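Have a look at the structure below before the remarks.
Here the structure is a predicted model, which is why all the values come from computation and not from measurement.
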Amino acid sequence: MTGLSDEIKKTHAAAGSGPHAIAEKLEAAGQVSLALAQLPENQQEVLRLKFQNGFTYKQIARITGLSVSGVGFHIHTAMQALRRKFKVAGLVA
């Protein structure tokens, strides 16, 4: 797994973003990583498989042993939890 900060540095440095914009992106990535670490392990796993690896729900179900609907439930529940955390922190409306 590649760290978010390395990916963001490469992407934004190549795009010509200034240091301030890169610092803001890195801070946001750090907050996302912290919030993810606070989720239950099974929710972290399905989110990583979905968003970092790009697997479908069916593929994630095969990997984790969950049903396809179980994968959907875990992703939905995790996203709600993250949304609540970011709303409280004032990061989203």
Side-chain angles (χ1 to χ4, degrees):
M1 188 166 84
T2 305
L4 290 175
S5 61
D6 291 342
E7 289 178 16
I8 291 172
K9 282 182 192 176
K10 289 176 188 174
T11 302
H12 291 285
S17 295
H20 183 69
I22 293 170
E24 286 179 352
K25 301 282 186 196
L26 291 173
E27 182 180 343
Q31 291 172 343
V32 170
S33 294
L34 180 61
L36 279 171
Q38 295 172 355
L39 293 175
E41 186 63 36
N42 57 355
Q43 291 179 5
Q44 290 180 42
E45 181 181 24
V46 295
L47 286 180
R48 284 188 180 110
L49 291 169
K50 177 66 180 160
F51 296 108
Q52 287 182 335
N53 297 80
F55 290 126
T56 65
Y57 282 28
K58 191 173 182 177
Q59 291 170 318
I60 296 169
R62 269 190 253 129
I63 292 166
T64 62
L66 296 168
S67 65
V68 173
S69 62
V71 169
F73 174 78
H74 284 300
I75 290 174
H76 176 76
T77 304
M79 293 301 289
Q80 280 186 323
L82 291 174
R83 202 171 288 120
R84 276 193 303 274
K85 287 178 190 288
F86 294 143
K87 197 172 212 175
V88 168
L91 299 172
V92 295

Distance-only criterion, 3.5 Å: show the donor-acceptor pairs between side-chain atoms of residues 69-78 and protein atoms not counting sequence neighbours.
{"from": "S69", "atom 1": "OG", "to": "S67", "atom 2": "OG", "distance (Å)": "3.2"}
{"from": "H76", "atom 1": "NE2", "to": "Q80", "atom 2": "NE2", "distance (Å)": "3.3"}
{"from": "T77", "atom 1": "OG1", "to": "F73", "atom 2": "O", "distance (Å)": "2.8"}

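- When every heavy atom of L39 is checked against every heavy atom of Q43, the shortest pair comes out as CD2-OE1, 3.6 Å.
- For the pair L82/L36, a side-chain contact is recorded, criterion being any heavy-atom separation below 4.5 Å from C-beta on.
- For Q59 against G54, the heavy-atom pair with the smallest separation is OE1-O, 4.4 Å.
- Counting only heavy atoms from C-beta outward, the side chains of N42 and L66 never approach each other to under 4.5 Å.
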I60/E45 under side-chain contact (heavy atoms from CB on, under 4.5 Å): CA gap, chis, key distance, verdict: CA-CA 9 Å; I60 296 169; E45 181 181 24; over 6 Å; no
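- In this structure, CG on L49 lies 12.5 Å from CZ on R62, to the nearest 0.5 angstrom.
- Shown here for K50 and Y57, the closest heavy-atom pair between the two residues is CE-CE1, 3.9 Å.
- In terms of heavy atoms, V68 sits closest to K58 at CG2-CA, 4.0 Å.
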